[in-house]
Amino acid sequence: MDPIKLVKGFKDLLPEESAKWWFVELRARKFFKNFGFSEIRPPIMERTELFQRGIGEGTDVVEKEMYTFTDRSGENLTLRPEATAGVIRAYIENGLFTREAVSKLYTIGPMFRRERPQKGRFRQFHQINAEVFGVAAPIIDAEIIIMVNEFLRDVGLESLSLEINSLGCSECRPSFKQELIAFLEAKKETLCPDCQRRIGINPLRVLDCKVRTCQEATVQAPLVTSFLCTGCHAHFDELQKYINRFGITYSINPKMVRGLDYYTKTAFEITTTHLGAQNAVCGGGRYDELVKQLGGPDVPGIGFAIGFERLVSLLPMSNLYDNSPTLFVAPLGATAHEKTFALLNSLRLSGLSCVSEYNANVSLKTMLKRADRSGARLVIIVGEDELLKEEITIKDMQTGKQKSFLLSDWGKIIATAKQGEL
RNA sequence: GUGGGUGUAGCUCAGUUGGUUAGAGCGCCAGGUUGUGGCCCUGGAGGCCGAGGGUUCGAGCCCCUUCACUCACCCCA
């Protein structure tokens, strides 16, 4: 029979990798706690309408990338393609805005988009998401940007670049958009076919196009930053003031746009050159009108998403993700297995990570080989000699030293094992 | 959805103008050591050469089809 294969664009996370994931996740949770966030875990499936309203009908994500289906009772459901909409739904539905003036929430989990897979892009992928509701002041924009920037540095990423921009609000964006469209229409001939199409759909994206002729054509294009209303302008200025005060390096990229419709004012992106074409490790921004748009109170919001797989693939080599046990128990023969069984498990219960051999017939040589490969530094050997004397031998694999202990003297054995070396 | 690349052992890959029994390294198993790992030596297991069809006396190699993976576009984390 042919084995069943995994779904295209989905990945099995194997043990070597999952150790890295734990490392990242633990660090992230620590960071979030320090910055006053708490975890929320909305389901990974929502009513399709939520995403249509939240992300925007015209976006590619909604138009052609969602895993949407009707369940047995005819409800139209979708596997979440991003986290923000679901978090906002939960925020509204559970009335979190009535409990506290400001909510700082994070969530870590899988997202689903039916795109053609490539380097750094999968149909099931994971994100670390953060959202803050209820703060309109730019100080929070700065806080969030600094937090995510420092977090990525903390887990060990290097040569990242941070870009920020302001996309304006519903007041100033339309006039900019109008001006931009007029500009692009005039240059239409020199733009690539994709961009010619974009003029009508998402004119801001033209500024971000990779085709050289398009980049050349848009050097003189009007910039959002020069169209900002006084409110947005002040917001953007103050944000920079705060970031400068903390002192991280960034650049302003007036041509950066975000993919989803809901962003207003601040937008930012953290990229690297080591990811192939998918160079964004983190993207985020402010969405002051989204909560209201989804039926909630008029509460401003800001958030970001980190691509988990992308982050992990950038992690430097490190022994920080080492998952080795501290101890390998090697009993020779059936009697030794019986004698060490209780000890083995009480070592585990005392907080030590121990592995053992289950086959009573394997040789000491093989067990030591397995112990070596397991990464355990200490090995407890129990064979005929030890059984006669009611002893065990502990071997330090790094130094080769060996030492005997009375089998009954668990306290001493555990203490030595906890030391991790002889 | 569109375009390119690649499919040979568990993994990374050789494989001559089409020629007999398809190879290497790593990994795995066993032995060299009756109870001592790594290093070294010896041996072993492991392949429908992605699948289907075609050309040919003969196909891993050539042709067609198909599937999978991969990279890029679109778009995005």
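Below, chain A is the first sequence line, B the second, and so on; all start at residue 1.
Between the A:K389 side chain and the A:S404 main chain, no donor and acceptor come within less than 3.5 Å of each other. A donor-acceptor pair is defined here as one N or O able to donate and one able to accept, closer than 3.5 Å; such a pair exists between the side chain of A:D396 and the backbone of A:Q398. A:R113 contributes a side-chain N or O that, together with a main-chain N or O of A:P81, makes up a donor-acceptor pair within less than 3.5 Å. When atom types are taken as modelled, the side chain of A:E185 and the backbone of A:A182 share no donor-acceptor pair closer than 3.5 angstrom.
With rounding to whole Å, A:R197 atom CZ is found 9 Å from B:C74 atom P. In this entry the distance linking OH of A:Y106 with C1' of B:A77 reads 19 Å, nearest Å. One interatomic measurement links the two molecules: CD1 of A:I270 to P of B:C76, which rounds to 18 Å at whole-angstrom precision. One atom, CD of A:E63, and another, C1' of B:G1, lie 12 Å apart when rounded to the nearest Å. A straight line from CD1 of A:I55 to P of B:C76 spans 11 Å, rounded to a whole angstrom. If you take CD1 of A:I128 and P of B:A77, they are 15 Å apart, rounded to a whole angstrom. Computed from coordinates, the A:E115 CD to B:G3 C1' distance equals 17 Å when rounded to whole Å. The nearest whole Å value for the distance from the CD atom in A:Q124 to the C1' atom in B:A77 is 14 Å.
For B:U16 and B:G7, the P atoms lie 12 Å apart once the distance is rounded to whole Å. The same atom, C1', is picked in B:U21 and in B:C49; the two are 15 Å apart, to the nearest Å. To the nearest whole angstrom, the two C1' atoms, one in B:G19 and one in B:U65, are 27 Å apart.
Pair assignment for B:C49 gives none, since no Watson-Crick or G-U wobble pairing has each distance under 3.5 Å. With a cut-off of 3.5 Å on both Watson-Crick or G-U wobble distances, the partner of B:C28 is given as B:G44. Across all strands shown, B:U34 remains unpaired; no Watson-Crick or G-U wobble contact has both distances below 3.5 Å. Nucleotide B:A68 is matched to B:U6 when pairs are restricted to Watson-Crick or G-U wobble geometry with both distances under 3.5 angstrom.
Side-chain atoms of A:R310 and base atoms of B:C76 include a donor and an acceptor less than 3.5 Å apart.
Of the two residues near RNA chain B, A:G9 and A:F122, the one whose nearest nucleotide lies more 5' is A:G9. With RNA chain B read from its 5' end, the first of the two nearest nucleotides for A:Q127 and A:R121 is the one closest to A:R121.
Scanning for side chain to side chain donor-acceptor pair (under 3.5 Å) contacts around A:R121 gives A:E115, A:Q118, with sequence neighbours left out.
Between A:F10 and A:F112, the two ring planes are tilted [angle within 30° to 60°].
When heavy atoms are screened at a 4.0 angstrom cut-off, A:K11 is found touching the sugar-phosphate backbone but no base atom. The residue A:V379 sits apart from the nucleic acid: no heavy atom pair falls under 4.0 Å. Within the 4.0 angstrom heavy-atom criterion, no nucleotide atom of any strand lies near A:A371.
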Below 3.5 Å between N/O atoms, which protein atoms pair up with nucleotides 31-37 of chain B? Just atom names and distances, please.
| unit_1 | atom_1 | unit_2 | atom_2 | d |
| --- | --- | --- | --- | --- |
| B:G35 | O6 | A:E384 | N | 2.9 |
| B:G35 | O6 | A:D385 | N | 2.4 |
| B:G35 | O6 | A:D385 | OD1 | 3.3 |
| B:G35 | O6 | A:D385 | OD2 | 3.4 |
| B:G35 | O6 | A:E386 | OE1 | 3.0 |
| B:G35 | N1 | A:E386 | OE1 | 2.6 |
| B:G35 | N1 | A:E386 | OE2 | 3.2 |
| B:G35 | N2 | A:E386 | OE2 | 3.0 |
| B:U36 | O2 | A:K395 | NZ | 2.9 |
| B:U36 | O2 | A:Q402 | OE1 | 3.1 |
| B:U36 | N3 | A:Q402 | OE1 | 2.6 |
| B:U36 | O4 | A:Q402 | NE2 | 3.2 |
| B:G37 | O2' | A:D372 | OD2 | 3.4 |
| B:G37 | N1 | A:M397 | O | 2.4 |
| B:G37 | N2 | A:D372 | OD1 | 3.0 |
| B:G37 | N2 | A:M397 | O | 2.9 |

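Among pairs with a residue in residues 41-56 of chain A, those fulfilling side-chain hydrogen bond (donor to acceptor under 3.5 Å, both in side chains) read A:E39-A:R41, A:E46-A:R89, A:R47-A:E75, A:T48-A:N76, A:T48-A:T78, at least two apart in sequence or across chains.
Rounding to the nearest 0.5 Å places OG1 of A:T366 at 11.0 Å from CG of A:N361.
Side-chain nitrogen and oxygen atoms of A:K5 include none within less than 4.0 Å of the OP1 or OP2 phosphate oxygen of B:A68. Contact annotation: A:Q118 does not reach the phosphate of B:U70 (side-chain N/O to OP1 or OP2, under 4.0 Å).
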